[in-house]
Structures are given as C-alpha cells and as structure tokens.
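Written below as structure tokens is the structure these notes are about.
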Amino acid sequence: MRPLRLLALLLLALALLGTGPTEPGYELAEGFAAPYEEYAVAADHPAASAAGAEILARGGNAADAAAATMLALGVANPASSGMGGGGFLLYYRAEDQSLTYLDFRERAPAAATADMYDDAEPPMEGPANSASQLGGLASGVPGEPAGVDAMVRRFGSLPLSAIVEPAVRLAENGVEVSEPLARMSRYFGGQMRRDPLMRGWFAGPEGGLEPGSRLLQPELARTLRAFGRRGKRAIYTGRIARQIVQANRRNGGLFTMRDLADYAVVEREPLSAERFGWRWVTAPPPSAGGFTMLQSLAILEGLPARWRPVERGELPNAAFLHALAESWKGPFLDRERYFGDPDHVELPLDAMMAPERVGARIDAFHPSLAMLPEDYEQPLAEEEPEIVQPDNAGTSHLCVVDREGNVASVTTTVNLPFGARYTAAGIVLNDEMDDFARAVGEANAFGLVGGAPNLPGPGKRPVSTMSPTIVFGEDGRPALCLGAAGGSRIVTAVQQVAMNVLVHGVDPGQALRAPRVHHQGHPNQLRTEEFAPLDAARLRALMARGHAHEPIRNVANVQLIRIGQDQGARLVAASDPRKGGRPAGR
Ligand code: GLY
C-alpha cells in the first residue's frame, strides 16, 4: 500500500473512534415545519407563505398561489427577488400528470457583447461593485412579470387582479423589516443611498433599514396594481417600461424599449432521472443545477454501497458526506467549461451524462481520500473551451401544493442582495449579468469560474444554479417539492435535503435543519456551516480524508413540501430556519 494511502487510512481510523452524528447546536425558528391536510405553501418569508395560503383559501390553485407568493416575496424581501428579476417554474398538473418548465430568466439586452466588461470601471465604491454587479450594465431584462403572467394564463384559475392583492396590501401597509434584511441593507447602504427611492427607505444618512420598522412601498403597490389590470403589457410596454429603460440608462446600462417588448418566456424540457428508487425532475440549462444534481446522484448510486453507507432514520455519516463532496467536483468542472444558454451555444448534455464518463468519475473516487477536482476531469474534446464563470445570493425559493395535488416549485432571483441596487417604478432591478462569465478565467462573487460558452451576448440568458425540483415516487405521484436560494450552494443543499428525506429516511424538519456541506470543485474546499455545525466526529473523519475545510455561515436556504403520509399528515411543509421563513396552509 502506498504511504499516502496508509496514512489516510490511519487518520481515518483514528477519526472514526469519535461518536456518531449529533443534533446541530442552534435554536430552531419556531414553526419552521408543520403538517397540513389540504394545501401548503413554503416560502422564505412568513408574509409570502401567508399570501399564497390566502389565495388557496379563496379557491385558487397552486399556480395562482405560487404567483401570489412570488409577488409577495418581492415586496417582503426586495433584497432577494421581485418584479425586476427572473426565475424558473417547475409545475406538475395533477389532472393530466403533466410537467411544465417555464424559464423566465433575465436576458442580456440586444447591445450586450462578450467584451462588454473588459474596460468597464466599477460604477462606485463599496462591496460587489464591478460593472456586472452594480448599476445599469449589471441588469438583464427582467423576466419575472412575464413569468408570473405566463404561469397564471397557462395554469391559473383566478384573475391576475386578484392574485396581486396580497402583495399590494403588503406594499401599501408595510412589512416589518427583518434582521437579515436590515443587515443586508447596512452592508450595501452606501450604494443603495444613490437611488432616490431606496434612500427614502433609510432613516438617516448612515446605516440601512431599521430592524422592526415598517417598509412602505407605495410606488411598487401602484406598479403591482397596473400589472394586475393589464398583465405583462403593463411592465414591458408603455410608461413603466419607459421608466425601467430610463433608470437603466441613467445608471450606465444598454436597455431599449425593444429589449423589453421582445422579452419572452421559454418553455423547456426539465431534466429527469431515476435514482435511488425515486424519479428526480429538475432544472435544465441554462441552469447547471439540475445537471450537477443528476450527475452527482448517478455517481453516488454507482459507488459500492459500503462507500456511501446509509443507515435509515439517521443523518448522513462522514463516509456519505465524503462521497457527496467528491461527487460534486466533476459536474462543477463541467459547468465551468461547457455551460451557457442552450439557445445560443451547443451544450453537449448527453455526452456529459454518458455512462462511461460517469463511470470514469466513479473509478477516480477513493473512499478515504479527497481527490483533487482535476482528478475528476473528463474532457469531451481535445481542444477544450476556456474556463470562466459566475454566481450569486439574492434568491428565493417557494413550493406550493394545492387540494387537487398540483405542485409548483419556483426559484426566483435578483442575483446579489438588492440586485444592481437601483430602482424603477418601485421595482429593484437585478444584477443577473454577473451570472455570465465576465471575462475568461475570472471568478465571480461566489468564487465560480467559467467558460466561453457563458460570455454575455445579445438576448442570452446567463448560466444559473437555481434548481426547482419535484421528486416522484414509484407510484408516479409527487413525493417532494423543494428548491433553494444561495448561489452556487443551491444545488448541493437541494440534493442533501432531498436525500436526507428520501434516502436516509429522516423526517422533513430534521432533514432541513441538519448540518450541510458544500463542495464546488474550485476553490478546493469543503464548506461546513456555522449555523448548523457538523459534530466534531464527522468533521474529524472528513479532515482525515484530506479535505481542506472552510466554515461558512450557511449552505443555502431550502424550502420543501413532503407529499405523502409523513407524521400522518398529507403534507409536511418546512421553511429553512437559516432564513427565518415559515410555511402556511390548512
Ligand atoms: N442568480 C442565481 C442563479 O441564477 O443561480
């Protein structure tokens, strides 16, 4: 046996002398998981879950409720999502058991070019201040209004004017500023103060929003009402469109009225695979999230069971966490190299998922050694595209299940907190352009590097990690709706929580609050959570395998609804205590 391997095995044996997994050491947010019989909404703000539940109580279905929840989220937490952003919907219609995936992600304006950030100066001082993260050049054409409009027209049962009501009320009556929202506004306050509307949110010339105060947004209420009356035309044409274009150009951007008028939702085929006895249906490109999760699941399933041992009813042990971390390294490399907007670049998904390629990654795995990300390299061609890529955090996920069994899984975003940090017509404009590769080889706010296929271009959509997911049981019925916010960590969090429930067999609340790990290949670090620390024994066992360890505050924020007979209830909905959300339902 080689000395390195011997040493690793010795360290591993020593580490395993510790105790097994323990409960995480933090206070649970009260009411973060609850059983329901008729319908449920899990969103990462209590007022948004309540908005969705209100629409369900009024006879709306999952699409109506998801639309109302999205609109309310944008009001209650304008740092994370809203009408100025975009996202993805995965919708299951019980009546005909159909699945639909709507892509309403932001699009680069027609004047965007691959080198648009080469000589662009940071628009102002402060955090996340490059031209792809702050100001007009950072914004893609918003997709959220078109997405909500399409969801309701395709699947809804109530008029849009009724669906906007809870969000309008929140904007007019005000919403209590939470500590996380206040914290983010303090962090970005210097930049936000340059925007006349955001400046009005702050009490004084310093600091940010006051925790516990009420955030009133009358201008946003007017915009929402107009949207309720006229649908997407109210936003993409006419007065509000002009306000958006003017604000974007005043802040150095390239938007035109034509860019807005041309915005279109795209229907895509979701990715799916049978793994571990379940059918996983998830996000296709331009998100790399679904691909990452399905390839990781394929690798895990292909490993000998003793290398990823599962004890039903127990949280994942160190060997399993090691296997998870290793399984993500290869797909994250693929993301860096090959991913881009599938409508603009050739994305060799089938070749990337080929069984022999997955098999080669399984062969590269070692149960007691953390391999270098490059050990999982599987080039598809002799001439490989250059690497570059990006990602973000101002994101939100929600799940809705209604009485009929329709399921909506939506992830929505303005990218970094408060997007590009300027507003128009009461709307916070996104900085989704940072999800493009700014330049070949440069890392973004989340340390992700990426490839030429993801350089900006006219009408292109940037690569995403957002992973709205629905998992189906052997009987073909939905068993779990989930998704997450949190940049590059979205997909690793979604996969872990789903596996905690479905593979490890722990209840949804425990599955959600359990400590999570994250590895994205580059940087070559295993991240653990300060919010839910891994117990010393499992951490030691992971370190003994040679992982470089970096604690971070948390690994994303997950929302889920378990559908079935858990705890005797038809539905169990849970909102991640990491973000203070709370589900609602009946
Ligand atoms: N901006 C979040 C994502 O698309 O992954």
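Start at 1 and go down the list; that is how both ligands and their atoms are numbered.
A search for ring-ring contact (aromatic ring centres under 6.0 Å, His included) contacts involving Y101 returns F88, not counting sequence neighbours.
Sequence neighbours left out, the pairs with a member in residues 180-191 that pass side chain to side chain donor-acceptor pair (under 3.5 Å) are E179-R186, Q191-R421.
The salt bridge (charged side-chain N to carboxylate O under 4.0 Å, His left out) with E377 is formed by just one residue from the set R361, R337, R357; it is R337.
An N or O contact shorter than 3.5 Å is missing between T395 and ligand 1 by distance.
Listed by number with element, the atoms of ligand 1 under 4.0 Å from a non-hydrogen atom of R105 are 4 (O). Atom numbering of ligand 1 starts at 1 in the shown order; those under 4.0 Å from a heavy atom of E432 are 1 (N), 2 (C), 4 (O). Set against the non-hydrogen atoms of T413, the atoms of ligand 1 under 4.0 Å away are 1 (N), 2 (C).
Remark: the backbone N or O of R489 is paired with a side-chain donor or acceptor of T492 at under 3.5 angstrom.
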